[in-house]
Amino acid sequence: LLEIGFPPFLLDCPEVGANSSGSPQPWPSGILLSRSWAGSCLPARQADSHKGQCGKVLLVAGSERYPGAAILAAKGAIRSGAGLVYVAVPPALRHTLVGAVPEAIPVDVSDIDQLLPQMGAWAIGPGLSEDFDSARLLSLIEKFDRPLLLDADGLRLLSGLKPGQA
């Protein structure tokens, strides 16, 4: 397993998953992450907490060609425990997104600048098309110091930029 992208508290967990006999494996040699292990590493929610206290994430995802990518990313963010999941999708996908993930909050791509200061983390890329404004995304990445996940489409978009182009 690579440590890239794992929050520090996950790397401090003494065990990771289990081998074929069910015995726990120490961190560097383990290759299987179990649901119970992951749950033991995450902080428990307080019984009186509400969604606004459980983290906010912004996903820049989806395109008319790949609407399912935004849906899957939103479901993953919700299942991982994010309290509020905002998804910047093209206008044509808003109804599809809300129909599939009613707890997701669709937002206009032009509102990313105003939303980012309120977010705990954000992700760029699941299912983005090549006509997305990659220079604007790079500018936002440079401007906002938030944890960021770039998937393959996000990396592909940004790789087409030249140094200093934003």
Side-chain angles (χ1 to χ4, degrees), residues 1-11 13 16-18 30-45 49-138 140-141 144 146-161:
L1 289 174
L2 297 175
E3 296 179 0
I4 299 171
F6 285 116
F9 68 86
L10 287 180
L11 299 176
C13 283
V16 59
I31 58 168
L32 174 67
L33 302 178
S34 69
R35 182 181 296 215
S36 62
W37 172 81
S40 72
C41 293
L42 297 173
R45 281 194 180 179
S49 66
H50 61 80
K51 61 186 173 187
Q53 296 173 311
C54 297
K56 298 175 185 177
V57 65
L58 172 65
L59 307 174
V60 182
S63 63
E64 289 188 32
R65 184 172 183 185
Y66 301 112
I71 292 167
L72 290 171
K75 286 182 177 183
I78 290 164
R79 283 197 70 168
S80 71
L84 294 168
V85 177
Y86 296 83
V87 187
V89 293
L93 297 184
R94 289 193 189 137
H95 292 294
T96 303
L97 173 71
V98 173
V101 191
E103 56 270 59
I105 304 164
V107 297
D108 194 86
V109 174
S110 64
D111 294 334
I112 294 173
D113 305 70
Q114 291 79 33
L115 287 169
L116 269 175
Q118 306 164 39
M119 299 296 117
W122 63 311
I124 298 173
L128 286 182
S129 64
E130 292 184 15
D131 60 348
F132 205 88
D133 187 353
S134 53
R136 180 165 176 253
L137 283 179
L138 182 60
L140 290 170
I141 290 169
F144 293 101
R146 298 281 184 273
L148 170 64
L149 179 128
L150 288 168
D151 92 330
D153 283 334
L155 290 170
R156 180 186 42 75
L157 279 173
L158 295 177
S159 71
L161 295 174

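Taking each heavy atom of Leu84 and Lys51 in turn, the nearest pair found is CD2-CD, 3.7 Å. Nearest heavy atoms, Gln118 versus Arg146: N-NH2, 4.5 Å. Nearest heavy-atom pair across Asp113 and Pro117 is O-CD, 3.3 Å. Considering every non-hydrogen atom in both Ala61 and Val89, the closest pair reads O-CG1, 3.3 Å. When all heavy atoms of Gly125 and Asp153 are compared, the closest pair comes out as O-CB, 2.8 Å. Across every non-hydrogen atom of Val87 and Ala74, the tightest pair is CG2-CB, 3.9 Å.
Residues Val107 and Leu58 have side chains in contact (heavy-atom distance under 4.5 Å, counting atoms from C-beta outward).
Applying the side chain to side chain contact (heavy atoms under 4.5 Å, CB included) criterion to Leu148, with sequence neighbours excluded, gives Trp122, Ile124, Ile141, Leu150. Every residue two or more places apart in sequence or in another chain was checked for a salt bridge (Lys or Arg N to Asp or Glu O under 4.0 Å) with Asp151, and none qualifies. Qualifying side chain to side chain contact (heavy atoms under 4.5 Å, CB included) partners for Val109, counting only residues two or more places apart in sequence or in other chains: Ala88, Ile112, Phe132, Arg136. Checked against side chain to side chain contact (heavy atoms under 4.5 Å, CB included), Pro102 has no partners two or more places apart in sequence or in another chain. Not counting sequence neighbours, the partners of Glu64 by the side chain to side chain contact (heavy atoms under 4.5 Å, CB included) test are Ala92.
The side-chain hydrogen bond (donor to acceptor under 3.5 Å, both in side chains) analysis of residues 68-85, with sequence neighbours excluded, yields no pairs. Sorted by first and then second residue, the side-chain hydrogen bond (donor to acceptor under 3.5 Å, both in side chains) pairs involving residues 98-110 (not counting sequence neighbours) are Arg94-Asp108, Asp108-Ser110.
At most 12 heavy atoms of other shown residues, nucleotides or ligands fall within 6.0 angstrom of atom OH in Tyr66.
With hydrogens and angles disregarded, no donor-acceptor distance shorter than 3.5 Å links the side chain of Ser63 to the backbone of Leu128.
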Exercise for the section: Evaluate the criterion side-chain contact (heavy atoms from CB on, under 4.5 Å) for residue pair Ile71 and Leu97; output intermediate values, then yes/no. Expected result: CA-CA 6 Å; Ile71 292 167; Leu97 173 71; 4.2 Å; yes

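In this structure, CG on Leu59 lies 11.0 Å from CD1 on Ile105, to the nearest 0.5 angstrom.
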